[in-house]
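Positions are given from 1 along the sequence. Only this structure's heavy atoms are used, side chains among them; waters, hydrogens and symmetry mates stay out.
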Amino acid sequence: MTNKWVNALHDDAAQVHAIGPCVTMGDLNGDGDVKLIVADMGINRINMRLRIFKGVGVVGESVLAEVPGAVCCFHNEQTTVPSVAIASGHSLLIYKNLKPFYKFTVPGSKVNPIEEEAWQKAGAGEISVNQLNTVLSNLKQEVLLRNLTSTSQTFLLASEDDRVALVHRYGQKTLQNTCSITCLTAIKKNTADVSPIDVLVIGTERGVVHAIDSQAFTVVLTCQLPSTPAFLCTHGVFDVDFRIFVATRDGQIFTVKRDQARVDKPTITMKADILAITKFNKMLAVACVDNTLTFFTFKGKRQNQIKLHSPIRGLEPFSYAPRQYTGVLVALDHQVRIYNDMFQLDQLRVDPKIRWIKYGPFGREEGGLIIGTTEGGIIVKLFRRLAKLDEKIEINQQMHQAYQRDLFMLKYLTTKTFYEMTRSSLNTVAISGDSKEAVDISVEIHGFGPSFRLTVNLNNSSKFPIDEAVISFIYDSTMYRFQHSMINIAYVVPGRSYSYFTGVTCLHPEKGTNSEVRALLCKKDRSNPLVTSIITMPISEMSLLD
């Protein structure tokens, strides 16, 4: 259990029903007391509310009429009191002091004339429901489903009975080609010293990214992407230089810059769908459904990838200014970890299953970690002021694993080489010339090279002794040099074993070749050898002293 976090508050009965994008933090009163802001989706769209928590207690609520998709705290006035924006359907709902202030509707596009004509004819009874379905299905293949109106999309996805009801309800109405908001964030309009005002950034279902002036609520930037945005991450200031990193549903990340009306080429392409994206130290951290956490530069160069043991539930940038700590908080099912781009720095165990996390100033503390559980509870942890993240908790384990791996490979290679040498030593063919003078001969080769020690073992298995014999070696003199090419044997008693030694040097170990050597046991009074042994020499290693 880590000792870097203080257990501050815990409420299992908070009844918070929200996803990560619907949770943020902000100083809503401008008094330095940061509170938790939750766009609660309720249960089955019942009791949907904007809820403000101080600690784990609710200090303010406002009823929501539509299902929230994301929430963002931003400044649109020269004051310290921020506003709250909630993305819901095709609208941004702006709240001030927990009261509805403004409703911004995403700009719609022109309705396709073929689609509009088909609905008018269906409403007038000139074409049937099946004919309308055929026209819209063909149109979907031409312009893609996302470019049709929400009414047509609902119609194509509905059952046959529901399609009839839709025609009766919308056949006589004017089609509106509105577009739902999929993600929401904010970026500073200018440097913080000049103005605290933010610019809102949204992504829409049709692959369009809009930047919205938070004072006049007008669109100041529009950029078309080839796929639907899922997550947004901003860098810089809008009036000077900025980048908007857009993670899409098909696992790609696009970079939107100033004066770009369209971006077709992704900066990063992932192998799996993206779960979350955040930035720290001019780097991007990307979490995917294949349980990987990958770090990229802003230009898309991959720096590191970490494979985790369980699904990732959320990412949050981690910073603690008093000690200049930075990193990424990664939420797993029952753990919250801190990573930099290379190492794991901390690990926090949580018993309830985690649904989302948020980190930042909370209350009047610098580092507050808010954990939302799948059961609707809230856990508040505070980063200790004297906590140290200098030790990398995995580095010792990684060093030990590397040592064990290298030690195993050393043992494996040693055993393998010894086995091959033993097999070469035993792989000798003994050819006896006379059964009356039966002699068993075996040869052992010791050493890695280029110097070897060759041992010849003799065992007289006959009933008669052998005298005045000699062991002679036949070999390639261009490849090997023998210390004793002939060994004199005075007397070999029956039933006993004798060992004789000689040194062998490989002359050219750099060639990596070998050849056979023959060991002959001969007698001076005989023209044929008593026994011949064929030896397969091992390939010599290079000298370690060279």
Side-chain angles (χ1 to χ4, degrees), residues 21 69-70 87 89-90 92 105-115 136-154 156-157 176-187 199-212 219-236 238 241-279 284-290 292 294 296-302 315:
H90 57 272
L92 275 180
T105 302
V106 178
S109 56
K110 186 178 180 181
V111 179
N112 189 287
I114 299 177
E115 178 186 6
L136 294 179
S137 297
N138 293 334
L139 190 59
K140 180 185 70 172
Q141 302 299 325
E142 296 179 11
V143 300
L144 300 179
L145 180 64
R146 70 180 187 182
N147 293 320
L148 298 177
T149 63
S150 57
T151 305
S152 296
Q153 294 181 32
T154 305
L156 291 172
L157 299 174
Q176 299 291 330
N177 200 0
T178 57
C179 188
S180 299
I181 300 172
T182 59
C183 44
L184 167 67
T185 190
I187 184 174
V199 173
L200 294 173
V201 183
I202 62 173
T204 67
E205 193 71 37
R206 291 197 177 92
V208 179
V209 175
H210 293 296
I212 303 167
V219 176
V220 292
L221 179 142
T222 298
C223 183
Q224 178 69 55
L225 302 179
S227 52
T228 302
F231 304 99
L232 297 171
C233 184
T234 61
H235 175 74
F238 190 81
D241 184 31
F242 68 90
R243 296 180 184 181
I244 302 173
F245 300 100
V246 186
T248 61
R249 291 176 182 169
D250 56 359
Q252 295 180 321
I253 299 177
F254 296 84
T255 304
V256 178
K257 300 180 181 179
R258 176 176 298 280
D259 300 328
Q260 285 185 315
R262 185 177 185 89
V263 177
D264 294 316
K265 184 179 179 180
T267 305
I268 300 169
T269 300
M270 306 301 296
K271 295 180 180 180
D273 291 341
I274 297 174
L275 285 173
I277 180 174
T278 189
K279 68 164 187 173
L284 292 177
V286 183
C288 294
V289 297
D290 59 354
T292 58
T294 313
F296 295 92
T297 65
F298 283 173
K299 293 184 178 180
K301 182 179 180 181
R302 195 177 87 168
L315 290 183

Ignoring hydrogens and geometry beyond distance, is a side-chain donor-acceptor pair present between [X] and [Y] at under 3.5 Å?
X: Thr248; Y: Thr228; result: no
X: Ser109; Y: Asn177; result: yes
X: Thr222; Y: His210; result: yes
X: Thr151; Y: Thr154; result: no

My understanding is that only residues two or more places apart in sequence, or in another chain, count here; which of them pass salt bridge (Lys or Arg N to Asp or Glu O under 4.0 Å) with [X]?
X: Glu115; answer: none
X: Arg243; answer: none
X: Asp259; answer: none

Shortest non-hydrogen contact from [X] to [Y]?
X: Arg146; Y: Gln224; result: NH2-NE2, 4.1 Å
X: Ile268; Y: Gly300; result: CG1-CA, 3.7 Å
X: Asp264; Y: Pro226; result: O-CG, 4.0 Å
X: Leu284; Y: Lys279; result: CD2-CB, 4.0 Å
X: Cys179; Y: Thr204; result: SG-CB, 3.4 Å
X: Leu136; Y: Ser152; result: CD2-OG, 3.9 Å

Is any side-chain heavy atom of [Y] closer than 4.5 Å to one of [X]?
X: Arg249; Y: Asp273; result: no
X: Phe254; Y: Pro266; result: yes
X: Ile244; Y: Thr255; result: no
X: Gln176; Y: Thr149; result: no
X: Val209; Y: Pro229; result: yes
X: Asn147; Y: Asn112; result: no
X: Leu232; Y: Phe245; result: no
X: Leu225; Y: Val246; result: yes

Rounded to the nearest 0.5 Å, what separates atom [atom1] in [X] from atom [atom2] in [Y]?
X: Leu145; Y: Lys140; atom1: CG; atom2: NZ; result: 6.0 Å
X: Phe231; Y: Thr182; atom1: CZ; atom2: OG1; result: 9.5 Å
X: Cys183; Y: Ile202; atom1: SG; atom2: CD1; result: 8.5 Å
X: Ile212; Y: Leu200; atom1: CD1; atom2: CG; result: 6.0 Å

What do the steps show when you test Thr105 against His90 for side-chain contact (heavy atoms from CB on, under 4.5 Å), and what is the final call? CA-CA 6 Å; Thr105 302; His90 57 272; 3.5 Å; yes
Would you kindly check if the NZ (Lys) or CZ (Arg) of Arg258 is within the cone defined by 45 degrees around the ring axis of Phe238 and under 6.0 Å from the six-membered ring centre?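 Positive - Arg258 is close enough to the ring of Phe238 and near enough to its axis.
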Using only atom types and a distance under 3.5 Å, with no angle test, would you say the side chain of [X] pairs donor to acceptor with the backbone of [Y]?
X: Gln141; Y: Asn138; result: no
X: Lys301; Y: Phe296; result: no
X: Arg206; Y: Leu148; result: yes

Test ring-ring contact (aromatic ring centres under 6.0 Å, His included) on Phe298 and His235 and set out the steps. CA-CA 10 Å; Phe298 283 173; His235 175 74; 4.8 Å; yes
Between Cys288 and Thr294, does the side-chain contact (heavy atoms from CB on, under 4.5 Å) criterion hold? Intermediate values first, please. CA-CA 8 Å; Cys288 294; Thr294 313; 5.6 Å; no
Is there a side-chain contact (heavy atoms from CB on, under 4.5 Å) between Ile277 and Leu315? Walk through the geometry before answering. CA-CA 7 Å; Ile277 180 174; Leu315 290 183; 5.8 Å; no
